[in-house]
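Here's the structure, in structure tokens; my notes come after.
Computed from a prediction, not measured in an experiment: that's the story for all the values here. First the proteins, then the strands, lettered A, B, ... as listed; each starts at 1.
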There are 2 protein chains.
Amino acid sequence: MAISNRSTGEALLFLTDEQLRQGIEAMFFAYRGFTADPDRILDKHGYGRAHHRAIHFINCVPGTTVNNLLHILGVTKQSLNRVLRSLIEDGLVEVQVGQKDRRERHLYLTETGQSLEQELSNAQRARMRSAYRDVGADAVSGFRQVLEAMMDPEMKRAYWKLRDNEGMDK
Amino acid sequence: MAISNRSTGEALLFLTDEQLRQGIEAMFFAYRGFTADPDRILDKHGYGRAHHRAIHFINCVPGTTVNNLLHILGVTKQSLNRVLRSLIEDGLVEVQVGQKDRRERHLYLTETGQSLEQELSNAQRARMRSAYRDVGADAVSGFRQVLEAMMDPEMKRAYWKLRDNEGMDK
DNA sequence: TTGGAATGTCAACAACACTGACATAAAATG
DNA sequence: CATTTTATGTCAGTGTTGTTGACATTCCAA
């Protein structure tokens, strides 16, 4: 291939340690912004980020099992269980014992749960929308490409699986 | 408003709720990948993410004060102090009383501290470099733009301040 | 039917964030 | 010089979220 010497000298400047360090710091600060709005809302209701994640993915895949959720969230079942218990007690999540396999618990948001989910995702989407609008479609495309390339292969599969699910619903 | 139908119908397709939701999930999964490698290394040494953040920014701004670090990291002094104490006890961070203002404590990484910082940032940069290389310079530019647009204004200032610091050193 | 695998629950513990109260030291201000 | 403000550190208590370990339930297959 006729890649010139200029490639390493100039075209790949975005791969310098300094550029990478800036990317790392950008991720750190941006993630703080990313979670700031939901955190405030959750705090009002006495919940934390763990509750948000559970609510988000139960809303995204209604009827998902505890085990499925476990793999998506990447925590232990005991950790998830504590969160689920409080959400169930508070009437935000409904449990249905599996019909085919009665070991499984299928999870659904109640109306109250859906209402909180809306409140949370509206806030988070508002910030995301504002950022997207500021930078334009091309930058957004690059953003998504880099994020996907940064995921662990396993997480990438989970991510695509969720995208496919939603695709079918629509 | 004279926004044409095409704007809402086609050109702004990347601003749909579904696109935004995918962006939100991409952030979630990508951040997991982003922290996975350092987390493994930290665990070996008996440290957590809080230690990593402190080490990172002390390395980035050597001689920074406790108060300065507090604002960058966005935690309470009690929380930071716990982390700093263990890093100092273990000989990774050195403290110098300020010459001009002797209330201030200036923080530096020792050789041991720099060594761990290298280990951590090498791992994190490796993943970032791999992702960057996969997608190319244009996508990286978009990635950085979106992240910056997502930050809180205060965090954006901190981010730029750090970039300027580094710019002077080089 | 019995033993193993899958699934979910309860209890206890550790890390790390928070608040609040207080102490010390030094700088700044009157 | 007395007072206030600033920077830092510490102690105690609390909450969220992660972990392990132990155990119950259910399903399936030998």
In 5'-to-3' order, the base (B), backbone-only (S) or no-contact (-) status of each nucleotide in nucleotides 17-30 of chain C, using a 4.0 angstrom heavy-atom cut-off, is BSBBB---BBS---
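Checking each of B:Arg127, B:Arg32, B:Arg40 against A:Asp152 for a salt bridge (Lys or Arg N to Asp or Glu O under 4.0 Å) leaves exactly one that passes, namely B:Arg127.
Shown here are the ring-ring contact (aromatic ring centres under 6.0 Å, His included) partners of A:Phe28, two or more places apart in sequence or in another chain: B:Phe57.
As judged by a 4.0 angstrom heavy-atom cut-off over every strand, B:His51 is placed among residues touching the sugar-phosphate backbone only.
At whole-Å resolution of the value, CD in A:Glu104 and C1' in C:dT9 are 16 Å apart. Distance CG (A:Leu42) to P (D:dG15): 17 Å, rounded to an integer number of Å. C:dG8 atom P lies 11 Å from atom CD1 of A:Ile88, rounded to whole Å. In this structure, the CG atom of A:Leu84 is 16 Å from the P atom of D:dT16, given to the nearest Å. Taking atom CG on A:Asn81 and atom P on D:dG18, their separation rounds to 13 Å, with Å as the unit. A straight line from CG of A:Leu69 to P of C:dT9 spans 12 Å, rounded to a whole angstrom. The interatomic distance linking A:Asp90 (CG) with D:dT16 (C1') rounds to 15 Å, in whole Å. Atom-to-atom, CD of A:Gln96 to P of C:dG8 comes out at 14 Å; the value is rounded to the nearest Å.
Rounded to the nearest 0.5 angstrom, A:His106 NE2 and A:Lys100 NZ are separated by 8.5 Å.
Between the side chains of A:Glu154 and A:His71, not a single donor N or O lies within less than 3.5 Å of an accepting N or O.
Counting heavy-atom neighbours within 6.0 Å of A:Asp138 CG, excluding the residue itself, gives a total of 12 or less. Within 6.0 Å of CD in B:Gln78 there are more than 12 heavy atoms belonging to other residues, nucleotides or ligands.
Taking 4.0 angstrom as the limit, A:Asn67 places a side-chain polar atom (N or O) nearer than this to OP1 or OP2 of C:dT7.
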